[in-house]
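Note that the coordinates shown come from a computational prediction; the quantities given were computed from them, not determined experimentally. Throughout, protein chains are lettered first and strands after them, A, B, ... in sequence-line order, and every chain is numbered starting at 1.
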Amino acid sequence: MTDTFTASLQIEPELKKALDRYQEVLTAANNDVQLLINSFNPSQSLQQISSASMAFYSSLDWAKILQNSLNPSSYFNYFSGLAEIQKAATSEVSAKLQSLLNTVTKDGQSYTSQLSEATSPQQILANTINTGLDAYADMKTNLVEQSQTLASIQSALVAFGQQSLSKLSGDEVV
Amino acid sequence: MKRFLYIFICLELFFTLSLAAAWAAIPLPKLAINVNETSVSGLSSGAFMTSQFYLSYSDIMVGAGIVAGGPYLCAQSWVGQDYLTNATTACMKPLTPMSAPNTPLLEKLTKKLDAENLIDPLVNLANDKIYLFSGHADQVVSTNVVNQTQKFYKDLGVPAQSLRYVTNVDAGHALITADKTDSTCNITQPPFINNCGFNQAWDILNFIYANLTAPGQGEAKGKIIEFNQTEFIDSPYSSMSASAFVYVPDQCRAGGCKLHIVFHGCLQGAAVIGDHYYAKTGYNPIADANNFIVLYPQVQPSTTTPFNPQGCWDFWGYSDPISARHDYFSKQAPQIRAVRAMVTRLSQPAQ
């Protein structure tokens with residue numbers, strides 16, 4: 001009775017491997033969170049933004065901006081610049097979403113096929129863990145790419161705002 | 001309070017370990033180089049640092065090689081976001097050409113630094129040669145960014161014939177070699193050294209100095225010296241390694257050789273990829289054939305303070321978190337000061 005009970009508790013090598021991998025991924029995820037926290041330096045960021053912004057806004061000719069902003073022709077450039085950003089953003093975001101969809105589909109199919117191939121409960125568990133971790137890795141890559149795209153869209157809008165003000169002020173883009 | 005204590009202990013530990021490691025390395029030798037024949041090159045963050053070091057000390061420079069790097073001060077392009085955000089968006093993969101680095105502003109800021117004597121006079125650039133490269137398949141630092149580097153140097157007085165800009169190679173984000181054991185040309189993966197069938201180190205050096213002797217076949221014959229880098233570091237935030245490397249051809253021990261400085265890219269320091277960059281990227285055999293000393297300063301990853309998890313050269317301000325200027329770009333920047341001190345040592349009379 002005892003032997004049967006002990007034998008039933010033995011972990012198969014495949015499941016052990018999957019559990020080890022789970023542990024590694026968990027450690028890596030914790031490190032990533034720590035890195036993310038360490039990357040924040042709000043006071044330095046604020047200092048950089050505020051000093052650069054003050055220099056920029058004080059260099060503008062605000063009377064000219066007001067005068068030029070009443071001229072309808074100046075809006076053509078404004079809207080064409082914005083349209084360019086809109087177009088690039090839509091294309092980038094939809095490409096990333098398509099990639100995410102492909103990833104989810106691929107991982108789902110992989111899970112289904114592995115389940116049908118499993119011959120023991122422990123193998124089912126090992127397959128489930130492995131497929132889950134594969135999906136996590138794929139999603140993580142995808143989400144990092146998406147966040148980079150969103151950052152570049154935001155950066156483009158910031159650049160656009162600065163360029164628009166400079167143009168209205170009659171300067172070269174600065 | 002606990003957090004400060006933790007950071008303090010980490011810094012102490014870092015310095016103790018650095019000193020222990022540095023103990024094993026010898027001091028950088030004095031080699032009486034011809035300092036006025038110095039040039040510099042680098043990939044990616046090393047390319048940004050190339051521009052920073054080149055412009056800070058253009059008095060001693062004859063040229064620079066910039067592989068996948070944006071214009072000087074790139075991280076200060078757009079005022080509504082901090083340096084790090086600019087560095088990772090506008091300076092790498094901007095959404096549109098319009099949101100690429102703001103070169104007119106960067107030129108204005110550069111001229112201001114010249115007026116304040118924080119960099120050497122920009123008139124020096126008129127006699128120098130600049131090599132630029134952007135791989136067609138580079139998805140990390142796009143061609144839109146390197147286009148602005150070309151505009152930057154053109155506008156600041158580098159004559160058109162002194163600028164060579166290569167964009168027609170289907171290369172990923174990498175330094176290029178002709179070594180079949182390196183990665184395939186058009187991919188982007190560590191260690192970011194790709195075989196595209198030509199030796200980029202040769203292209204850079206031969207463009208800068210002209211009429212060089214082609215290197216012979218086989219291994220470099222001089223000596224790679226691992227030296228103690230800590231004696232040149234005067235900031236706890238530099239992220240620089242305890243030791244760095246210098247390649248010295250036998251004939252250069254007597255003095256009179258030229259100096260070329262090579263800055264590695266992110267995840268390319270010796271702490272990450274061993275000797276792959278400083279021994280196998282093609283610079284050293286050229287040095288043998290043409291009387292160059294090659295200096296390979298080193299940066300390593302740091303995940304706390306300074307925050308530099310990929311071991312990149314500083315082009316957004318991590319190495320100067322205290323001062324209001326966050327100076328990573330001028331003669332006063334910690335990393336630039338350290339490398340300049342190494343150049344000074346190499347220029348002292350040979351012993």
Side-chain angles (χ1 to χ4, degrees), chain A residues 31-32 34-60 77 80-93 145 147-167 171-174, chain B residues 3 6-7 10 73 75-109 112 139-140 142 144-145 148 155 237 301-310 316-318 320-326 328:
Chain A
N31 289 342
D32 287 348
Q34 193 57 51
L35 276 182
L36 192 66
I37 293 167
N38 292 348
S39 72
F40 288 119
N41 192 340
S43 66
Q44 187 170 332
S45 300
L46 192 68
Q47 210 175 5
Q48 288 169 356
I49 293 170
S50 58
S51 66
S53 299
M54 271 170 65
F56 171 67
Y57 290 120
S58 62
S59 73
L60 295 173
N77 282 338
S80 66
L82 208 53
E84 192 189 331
I85 292 173
Q86 186 76 23
K87 196 176 152 199
T90 308
S91 144
E92 283 281 321
V93 170
E145 282 173 7
S147 68
Q148 282 166 347
T149 301
L150 292 177
S152 71
I153 293 169
Q154 193 191 343
S155 173
L157 290 170
V158 167
F160 170 73
Q162 190 173 330
Q163 285 169 338
S164 302
L165 278 174
S166 292
K167 278 179 193 161
D171 295 336
E172 192 184 2
V173 175
V174 286
Chain B
R3 190 178 161 80
Y6 172 72
I7 291 171
C10 285
L73 304 177
Q76 298 177 38
S77 285
W78 304 109
V79 300
Q81 46 197 13
D82 63 14
Y83 294 176
L84 179 58
T85 308
N86 272 320
T88 52
T89 54
C91 303
M92 292 176 79
K93 208 180 163 195
L95 186 69
T96 64
M98 276 175 68
S99 48
N102 185 358
T103 306
L105 173 65
L106 305 183
E107 289 166 8
K108 206 168 144 184
L109 294 173
K112 194 164 168 259
Q139 295 294 317
V140 179
S142 73
N144 280 332
V145 174
Q148 294 305 312
D155 291 352
Y237 308 111
S302 164
T303 54
T304 53
T305 306
F307 185 70
N308 180 28
Q310 298 201 319
W316 66 90
Y318 70 74
D320 184 21
I322 307 292
S323 85
R325 195 190 276 270
H326 304 301
Y328 60 91

Sort out for me which of B/Gly80, B/Pro94, B/Gly317, B/Ala90 touches chain A most, counting heavy-atom pairs under 4.5 Å.
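Of the options given, most contacts go to B/Gly80.
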
Looking at B/Thr89, B/Asn86, B/Leu95, which one has more heavy-atom pairs under 4.5 Å with chain A than the rest?
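Of the candidates given, the most pairs with chain A belong to B/Leu95.
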
Contact origin within [X] toward chain B - heavy atom pairs under 4.5 Å:
X: A/Gln44; result: both
X: A/Ala55; result: neither
X: A/Glu84; result: both

Is the backbone N or O of B/Val79 less than 3.5 Å from a side-chain atom of A/Gln162, with the two atoms forming a donor-acceptor pair by type?
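Here the side-chain-to-backbone pair exists.
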
Between [X] and [Y], do the side chains contain an N or O donor and an N or O acceptor separated by less than 3.5 Å?
X: B/Asp82; Y: A/Gln48; answer: no
X: A/Thr149; Y: A/Ser152; answer: no
X: B/Asp320; Y: B/Tyr328; answer: no

Heavy-atom check, side chain of B/Leu84 versus side chain of A/Ser45, under 4.5 Å
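No, their side chains stay 4.5 Å or more apart.
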
Between B/Thr303 and chain A, with a heavy-atom cut-off of 4.5 Å, which part of the residue counts as in contact: side chain, backbone, both or neither?
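For B/Thr303, backbone and side chain are both near chain A.
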
